[in-house]
Protein chains: 2
Amino acid sequence: MTVQVMIADDSALFREGLAVLLERAGFTVTGLAGDGETLAGLVRARPPEVAVVDIRMPPSYTVEGLELAIRLRREHPSVAVLLLSNHVETHHAGELFGGAPHRTGYLLKDRVGAPDELADALHRVAAGQTVLDPTVVARLVSRPREPGPLDRLSPREREVLTLVAEGRSNQGIADLLGLTQKTVEGYVRGIFGKLGLTDTAADNRRVLAVLRYLRG
Amino acid sequence: MTVQVMIADDSALFREGLAVLLERAGFTVTGLAGDGETLAGLVRARPPEVAVVDIRMPPSYTVEGLELAIRLRREHPSVAVLLLSNHVETHHAGELFGGAPHRTGYLLKDRVGAPDELADALHRVAAGQTVLDPTVVARLVSRPREPGPLDRLSPREREVLTLVAEGRSNQGIADLLGLTQKTVEGYVRGIFGKLGLTDTAADNRRVLAVLRYLRG
DNA sequence: TTTCCCTCGAGGGATAACCCTGGGGTTCCG
DNA sequence: CGGAACCCCAGGGTTATCCCTCGAGGGAAA
């Protein structure tokens with residue numbers, strides 16, 4: 001008997017192409033969706049054995065697919081989920097693979113060399129295994145990543161830094177947060193210190209802090 | 001008789017999926033390639049009627065496909081070229097559509113709602129027409145884009161701004177450019193003026209200028 | 001409890017970053 | 001020959017951004 005599979009991907013072209021490829025590989029495609037909400041409805045109506053889920057989808061175009069995967073895992077534990085993304089999204093990925101990694105997979109579109117590889121991965125997750133791209137594994141095991149200077153900031157300091165990075169003045173930040181300009185100055189000084197920005201005549205620490213913040 | 005088509009796309013999954021979709025739509029897929037160079041070789045050996053080319057491909061992952069399209073247009077004028085990209089790359093696109101836009105197309109993967117739309121577009125470019133996504137058209141006609149505030153900067157001002165955006169102080173910039181700190185101040189003031197950054201107590205103009213610069 | 005960090009504020013001071021005006025020079029264009 | 005723009009500099013001023021130190025209050029951990 002064939003394995004039933006559903007697909008969620010915002011690109012109609014990719015979605016349809018994938019459907020045909022999987023049918024050729026012996027799967028039965030029982031549902032196609034362009035966003036997470038639609039797929040959730042399809043799954044609820046007729047749960048397939050495995051769902052292929054893209055991560056970046058409408059409406060948020062950020063980590064919608066990851067949230068959908070977590071939700072499917074909770075509401076329909078029998079449905080295997082294979083995430084298929086362009087990039088590695090480690091941020092919320094740990095949440096998904098931390099608890100029960102069974103029947104779950106995460107592959108990168110660019111690193112799937114042939115349709116057969118995907119078909120094989122689908123069979124494996126449907127059978128209960130966990131399928132991870134080596135790149136994803138590397139990112140997951142290296143988490144929690146060694147704390148960068150930005151992680152050493154206190155919550156309030158981080159809040160101030162985001163406003164600094166929006167181009168606010170110290171006074172403007174004070175008004176927004178209901179603080180004194182003096183207090184904001186203190187936070188800014190603390191931020192510089194924790195970011196390792198020593199006082200030099202050649203550069204502007206405020207801009208440097210903004211750059212560090214923007215670069216992650 | 002069926003239309004012969006070749007496909008270049010770095011994603012094997014997308015490439016293969018597209019191939020089966022097109023074959024279902026009545027095309028004959030005579031070649032698949034994962035990068036531009038490979039496709040150029042295939043085209044040289046057995047020129048198809050139309051080539052579907054992704055823009056971001058190895059090895060540069062920038063505008064390889066655009067360069068390939070221009071090259072195909074020159075070396076094999078009889079081969080229609082349909083660019084299929086994720087984003088609009090206006091920068092070198094004008095070069096392609098400026099001269100002879102016949103047998104050329106540019107569609108966005110996300111905006112192709114159904115495989116039939118792509119099939120239709122392929123038939124049209126193979127017939128000599130030009131097929132452009134409305135979004136692409138809008139970008140092309142608005143080029144040269146109305147000069148943004150950044151374009152009004154003088155060369156020297158732009159030079160100063162890039163150094164400001166690297167976190168340099170006025171003195172540091174003066175040292176690097178062999179100027180006086182006073183002169184740099186003058187440029188910075190000019191930059192603020194041209195960027196329309198008026199003096200307000202709520203924000204830091206230097207950071208705002210950096211943000212504008214970074215956002216292109 | 002002691003200790004530490006976070007939060008918030010203050011006084012007092014240094015200086016970098018800004019404003020203004022004015023002046024030199026060049027090039028290019030009408 | 002004017003303008004007009006760019007490039008470069010200077011004097012003299014205001015203020016925001018930084019420095020230092022000191023302190024109060026709270027919560028969390030040792």
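Throughout, protein chains are lettered first and strands after them, A, B, ... in sequence-line order, and every chain is numbered starting at 1. Only heavy atoms go into these numbers, but all of them, side chains included; no hydrogens, no water, no symmetry mates.
- C:dC18 atom C1' lies 16 Å from atom CG of B:Leu195, rounded to whole Å.
- Between A:Lys194 and C:dC5, a side-chain N or O to OP1/OP2 separation shorter than 4.0 Å is absent.
- Residue pairs meeting the salt bridge (charged side-chain N to carboxylate O under 4.0 Å, His left out) criterion with at least one member in residues 78-87 of chain B, sequence neighbours excluded, do not occur.
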Exercise. What's the verdict on side chain to side chain contact (heavy atoms under 4.5 Å, CB included) for B:Ile55 and B:Leu83, showing C-alpha distance, side-chain angles and the deciding distance?
Worked result: CA-CA 7 Å; B:Ile55 291 192; B:Leu83 287 167; 4.1 Å; yes

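- B:Ser154 comes within contact range of the sugar-phosphate backbone alone, with a heavy-atom separation under 4.0 Å but no base atom that close.
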Polar atoms only, N or O, under 3.5 Å: list the protein pairs with nucleotides 20-26 of chain D and their distances.
residue	atom	partner	partner atom	Å
D:dC20	N4	A:Arg189	NH2	3.3

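- Regarding B:Leu179, its CG atom lies at a distance of 11 Å from the P atom of D:dA10, rounded to whole Å.
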For this session: Could you please spell out the steps behind the side chain to side chain contact (heavy atoms under 4.5 Å, CB included) verdict for B:Arg15 and B:Leu18?
Result: CA-CA 5 Å; B:Arg15 191 196 318 150; B:Leu18 192 58; 6.0 Å; no

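- A distance-only check finds no donor-acceptor pair linking the side chain of B:Arg103 to the backbone of B:Gly128 [under 3.5 Å].
- Atom CG in A:Asp120 sits 8.5 Å away from atom CD in A:Glu117 (nearest 0.5 Å).
- Residues from residues 156-175 of chain B placing a heavy atom under 4.0 Å of any atom in DNA chain D, listed by number, are B:Arg156.
- When distances are taken from the side chain of B:Thr180 to each of D:dC7, D:dA10, D:dT17, the shortest belongs to D:dA10.
- DNA chain D lies under 4.0 Å from at least one heavy atom of each of the following residues of residues 197-206 of chain A: A:Arg205, A:Arg206.
- Shown are A:Asp133, A:Asn86, A:Leu118; of these, the side chain to side chain contact (heavy atoms under 4.5 Å, CB included) with A:Lys109 is made only by A:Asn86.
- One interatomic measurement links the two molecules: CG of B:Leu153 to P of D:dC7, which rounds to 10 Å at whole-angstrom precision.
- Rounded to whole Å, the distance from CG on B:Asp151 to P on D:dA5 is 17 Å.
- Side chains of B:Asp54 and B:Asp10 form a contact here, defined as non-hydrogen atoms less than 4.5 Å apart.
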Problem set entry | Canonical and wobble pairing (Watson-Crick, G-U, under 3.5 Å) of DNA chain C, dot-bracket with | | |||||||||||||.|||||||||.||||||

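- A:Leu32 and A:Ala19 get closest at one heavy-atom pair: CD2-CB, 4.0 Å.
- For A:Thr30 and A:Arg46, the side-chain atoms include no donor-acceptor pair closer than 3.5 Å.
- When all heavy atoms of A:Leu68 and A:Ala40 are compared, the pair lying nearest together is CD1-CB, 4.1 Å.
- Checking side-chain atoms of A:Ser169 against main-chain N and O of B:Ala201 turns up a donor-acceptor pair under 3.5 Å.
- Considering every non-hydrogen atom in both B:Val112 and A:Ala12, the closest pair reads O-CB, 3.4 Å.
- Between B:Thr104 and B:Val125, the closest side-chain pair of non-hydrogen atoms is not below 4.5 Å.
- For the salt bridge (charged side-chain N to carboxylate O under 4.0 Å, His left out) condition, the pairs that include at least one residue of residues 202-216 of chain A, sequence neighbours left out, are A:Asp199-A:Arg205.
- When rounded to the nearest whole Å, the span between CD of B:Gln181 and P of C:dA17 equals 7 Å.
- Straight-line distance between the P atoms of C:dG22 and D:dC7: roughly 22 Å, to the nearest whole Å.
- Taking atom CZ of residue B:Phe192 and atom C1' of nucleotide D:dA16, one finds them 12 Å apart after rounding to whole Å.
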